[in-house]
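Numbers restart at 1 for each chain; the letters A, B, ... are given by sequence-line order, proteins then strands.
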Amino acid sequence: MKEYDFKSIEKKWQDRWEKARSFHAEDFKGKKYYVLEMFPYPSGRLHMGHVRNYSIGDVVARFMWKKGYNVLHPIGWDALGLPAENAAIQHGIEPKKWTYDNIAHMRKQLKSLGITYDWDREIATCDPMYYKWNQWFFLKMYQLGLAYRKEEWVNWCPKCNTVLANEQVKEGKCWRCGTPVEQRKLKQWFLKIRDYADELLEGHKELEGKWPERVLVMQKNWIGRSEGAEIDFPVVGLEKKIRVFTTRLDTIYGATYLVLSSEHPFVEDLVRGTPKEEEILKWCQEKIKEKRFSREEEPEKEGIFTGRYAINPFSREQIPIWIANYVLMEYGTGAVMAVPAHDQRDFEFARKYNLPIKVVIVPEDGDIELPLKQAYEEKGILINSAGFTGLRSEEAIKRMIALAEDRQFGNKAVNYRIRDWGISRQRYWGTPIPIVYCEKCGVVPVPEEKLPVTLPKDVKFTGEGNPLETSETFVNTTCPKCGGHARRETDTMDTFFDSSWYYLRYTDPENLSSPFDRQKAEYWAPPDIYIGGVEHAILHLIYARFFTKFIRDLKLIGFSEPFPRLLTQGMVIKDGKKMSKSLGNIVEPDEMIEKYGADAVRLFILFAAPPERDLDWSDAGIEGAYRFVKKIWSLFQRNLDLMQQDLKPDLSPEAIQIRKITHRTIKKVTEEIHDRMHFNTAIAALMEFYNALNENEERLRSTASGRGALREALFAMLHLISPFTPHLAEEIWEEAGKEGFISRAPWPSYDEKLLEEERITVVVQINGKVRDRVEVGKDEPEESIKERVLSLERVKKFIEGKKIVKFIYVPGKIVSIHIK
RNA sequence: GCGAAAGUGGCGGAAUUGGCAGACGCGCUGGACUUAGGAUCCAGUGGGGAAACCCGUGGGGGUUCGAGUCCCCCCUUUCGCACCA
């Protein structure tokens, strides 16, 4: 019997697949299926998370190929980004070389796993032919006013020496290196993702049930839409109004003071010429500094009275204007009406500074306890609110907005938490922003025909400042408009720009005249399934959704959602902890493949947990998977003779039992892969199938009918297991004398007739406890079953002397007797 | 604090629509083969009990002939957001 020599088998079939271009996706050829996994950053080597991600995708791709689909399963490299540049600073290696070396190694690793990529469509975002189209999209955005430049407080990571988008700050720290983020005021390029905020929310409806609930919730919270009203408060003694945003206009009669953010541009005008001008401005400067540079989570609420008063447009009351550190400039209007009785923050502040607390809302049922111990934030019935007293909150808000709009001191308004996407990065290894600054003409976009603006080679990586600024040839240029001297923009794009549309480039990766061809894109895209880590829930996935809508508005595609179905895989952990260098618990894919082979590694990683759950890597577990692979191998080896013969399965008694198992397994595995993507249970079903074959092997081989049934079972097993252990399957396929690749041979179908059972064992429960079981006919009437059940010895024993209250028969499932 | 998800043997996990809890695998125990076993094969394996049986899906209550699954309350863990007016 031939040994299971996975090393030579795996190499052999990887070479053959490559040579035959077995998984090449051809445009416009029949019904398509596009399976996409998040492309990797070429950090140098694959980690187990990658192995898991790509194994999951590969099972789907292989399954769909066998189901007769024209499958697009591409791979590429998210190849721009900081680590390449840091390597240049630390080791003097050119970012390009570092990146391409890493890609070469990781490509080899992916091939050693036997993943079915269409290597003809491989892309790398650092290729000027790729990032050219980043620049092209940027110019389109610029033309449409979606890309703009402004000076703004931005998140600055002192370690990465660059700006971060809000989405890239996690708990006040850099998403990449964990360094606490500082704030800097810089002139930056922004994309108007806010213009799409409503549509991004609206689009969730389409994704419900197809994306994990929590990803949708996270995005929804991130966008943070809230409906309310904006109201003007005139300032006493000044021709000025302060505009506030509130979601609780119904509480306006309880507004006892007004608060501005210390960064509010109106502060200066407000205090000009007042005795405390200097003191207040100084105080504000201090607070801004604290806020921008301190790492404290939530500072104590502090405020200062401006000496000015505003008029509540509803009550006509004069209320003091304060400045406080708990009001954010970046949300709403940067000013709020404070209602201490009904807002906990205002309540705390009012208590601290002895400001009046006025109750204007009471619960619909019952009273409110006075004095308040905390703010009553629920909705309810209005009191002390002039003509609005007695109304419920919802109704009051409606009427108050109507009044404000009528009298023109306010209007209905919607606010979003999401900020525009800042894409400028002060680093080298990114897509140059195609803009020049001309002394005469100002900001001038690089004309389309001059793209790409490529990264220069004459740069110095010192670790200080943006390396691009050290390139004379890059920085100095001529103005496309006037031909005079101009300087290039040296900021590069956030790399999330690159990954926002890469899934479209795969559909037409070599296009020189446009980012992609519309026909091709619409044939393939959007991907039917997108698989990746949940860590991109609000980064990549929200940017890509925004881009897709923008690209649709450019009329380059007709759909609005990039990823109609999303599978977020869990992390691969070890001993309950994330694998990390510092914990020393990293499992290297290469070592595992070397020791157990790619087939066993794939099998284990898919078997150990369903995809969306975290997976605990277990050395004993991989041993078990390896053992199973060897057992399967040996089962096939023992029965190769049958597989080589031309035997037909029949319906004789010797054949039928195993044939039923075969067909049930086909059904089960098909459904687990296709409907649920629960590969662990698919593999469990295959193990059970193996156990059944192994147990009955001898008996089956002893009769002609048995041999026919066993042969059918073996081929079914081979097909069913081929997406998981493709190399082994190919090898046996060939040894069985079959032509071509099993990877491209049709998936087996099951015979409904063989799934039916004539006799079914049902459980007999008495008062909810299993007491016996009984074999019933498929269509046996309840009366007949009742009679038989009640005459069973064990049943008689339990019901003796008791009264049968209820007798329930659920056909094919259970008999339930209730006695008293 | 707010939001979401999860909690099942020694472990990873099954149980898809309310119908035999613990499939499958790991580990463990015993046995066979063996000079040897960390290879392979066979048997057993939720807890208690000699057995009949009883108890068991984080805890407590409820609905139901029947609940891991549905409803209410609570606990724990993980994740996300966190002065968002």
> Check every strand shown and say whether A:V217 touches a base, only sugar-phosphate, or nothing at a heavy-atom separation below 4.0 Å.
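Sugar-phosphate, backbone atoms only, no base.
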> If you take atom types as modelled and just measure distance, does the side chain of A:K813 reach the base of B:C20 with a donor-acceptor pair under 3.5 Å?
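Answer no: no donor N or O sits under 3.5 Å from an acceptor.
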> Students often get this wrong, so: under 4.0 angstrom with heavy atoms, is A:K631 touching a base, only sugar-phosphate, or nothing?
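Here A:K631 touches the backbone only, sparing every base.
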> Distance between the C1' atoms of B:G3 and B:G22, in whole angstroms?
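Looking at atom C1' only, B:G3 and B:G22 are 33 Å apart.
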> Quick one: label A:R613 by what it contacts on the DNA or RNA (base, sugar-phosphate, nothing), any heavy atom closer than 4.0 Å.
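The answer is sugar-phosphate, as A:R613 gets under 4.0 Å only of primed atoms, P, OP1 or OP2.
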> Indicate yes or no for a side-chain donor-acceptor contact from A:E230 to the backbone of A:R243 under 3.5 Å, with no hydrogens or angles considered.
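Flag not set: sc A:E230 to bb A:R243 has no pair under 3.5 Å.
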> Under 4.0 Å, heavy atoms only, any strand: does A:R417 hit a base, just the sugar-phosphate, or nothing?
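It contacts base atoms.
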> Under 4.0 Å, heavy atoms only, any strand: does A:P212 hit a base, just the sugar-phosphate, or nothing?
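No contact.
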> Taking O4'-C1'-N9-C4 for purines and O4'-C1'-N1-C2 for pyrimidines, is B:G9 syn (within 90° of 0) or anti?
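Syn for B:G9; the angle stays within 90° of 0.
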> Base, sugar-phosphate alone, or nothing: which one does A:T247 contact when heavy atoms must sit under 4.0 Å apart?
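Sugar-phosphate contact only - A:T247 comes under 4.0 Å of backbone atoms but never of a base.
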> Between B:C11 and B:G44, how many Å separate the two P atoms, rounded to a whole number?
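Looking at atom P only, B:C11 and B:G44 are 23 Å apart.
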> At 4.0 Å (heavy atoms only), tell me whether A:R419 reaches a base, stays on the sugar-phosphate, or touches nothing.
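Result for A:R419 = nothing.
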> Pair A:Y326, A:D346 - check side-chain hydrogen bond (donor to acceptor under 3.5 Å, both in side chains), show working.
CA-CA 9 Å; A:Y326 74 94; A:D346 298 339; 2.7 Å; yes
> Searching all strands shown, indicate the nucleotide that pairs with B:G7 (Watson-Crick or G-U wobble; both distances under 3.5 Å).
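For B:G7, the partner nucleotide comes out as B:C75, under the 3.5 Å rule.
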> For a quick check of understanding: with a heavy-atom distance under 4.0 Å over all strands, which category does A:E672 fall into, base, sugar-phosphate or nothing?
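Contact class for A:E672: base.
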> Grab the N/O contacts between the protein and nucleotides 66-68 of chain B below 3.5 Å, and write none if there aren't any.
none

> Phosphate oxygens OP1/OP2 of B:A23: is one of them under 4.0 Å from a side-chain N or O of A:N680?
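For A:N680, the contact criterion (side-chain N or O under 4.0 Å from OP1 or OP2 of B:A23) is not met.
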> NA contact type, A:G624, heavy-atom cut-off 4.0 Å: base, sugar-phosphate, or nothing?
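Contact class for A:G624: sugar-phosphate only.
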> Taking A:K301's backbone N and O only, do any of them form a donor-acceptor pair with A:N325's side chain (distance below 3.5 Å, no angle check)?
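Not at all, since once roles are kept as given, no pair shorter than 3.5 Å links the two residues.
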> Students often get this wrong, so: under 4.0 angstrom with heavy atoms, is A:D614 touching a base, only sugar-phosphate, or nothing?
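Since only primed, P, OP1 and OP2 atoms lie under 4.0 Å of A:D614, the category is sugar-phosphate.
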> Classify the nucleic acid contact of A:V327 as base, sugar-phosphate or nothing, counting any heavy atom under 4.0 Å across all strands shown.
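Base contact - A:V327 has a heavy atom under 4.0 Å of at least one base atom.
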> Check whether A:D772 reaches the backbone of A:V764 with its side chain - one donor and one acceptor, N or O, closer than 3.5 Å.
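No, the answer is negative, given that no donor and acceptor are paired below the 3.5 Å cut-off.
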> For nucleotides B:C65 and B:G60, find the distance between their C1' atoms and express it as a whole number of Å.
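Roughly 24 Å separates the two C1' atoms.
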> Can you check whether A:Q374 reaches A:E348 side chain to side chain, under 4.5 Å on heavy atoms?
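No, every pair of side-chain atoms sits at 4.5 Å or beyond.
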> Donor-acceptor pairs under 3.5 Å, side chain of residues 679-686 of chain A to any protein atom, not counting sequence neighbours: which ones?
{"unit_1": "A:T681", "atom_1": "OG1", "unit_2": "A:E672", "atom_2": "OE1", "d": "2.2"}
{"unit_1": "A:T681", "atom_1": "OG1", "unit_2": "A:H678", "atom_2": "O", "d": "3.0"}

> Under 3.5 Å, is there a donor-acceptor pair between the A:W617 and A:D619 side chains?
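Short answer, yes.
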> Rounding to the closest angstrom, what is the interatomic distance between B:G9 and B:U45 at atom C1'?
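Result for the C1' pair: 10 Å, nearest Å.
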> In whole Å, measure the gap between the P atoms of B:U69 and B:A6 for me.
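Pairwise P distance, B:U69 against B:A6, rounds to 13 Å.
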> Only pairs with both distances under 3.5 Å count, Watson-Crick or wobble alike; so what is the partner of B:C41 in this structure?
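When the pairing criteria are applied, B:G31 turns out to be the nucleotide that pairs with B:C41.
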> Rounding to an integer number of angstrom, what distance separates B:G47 and B:U57 when you compare their C1' atoms?
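Their C1' atoms lie roughly 13 Å apart.
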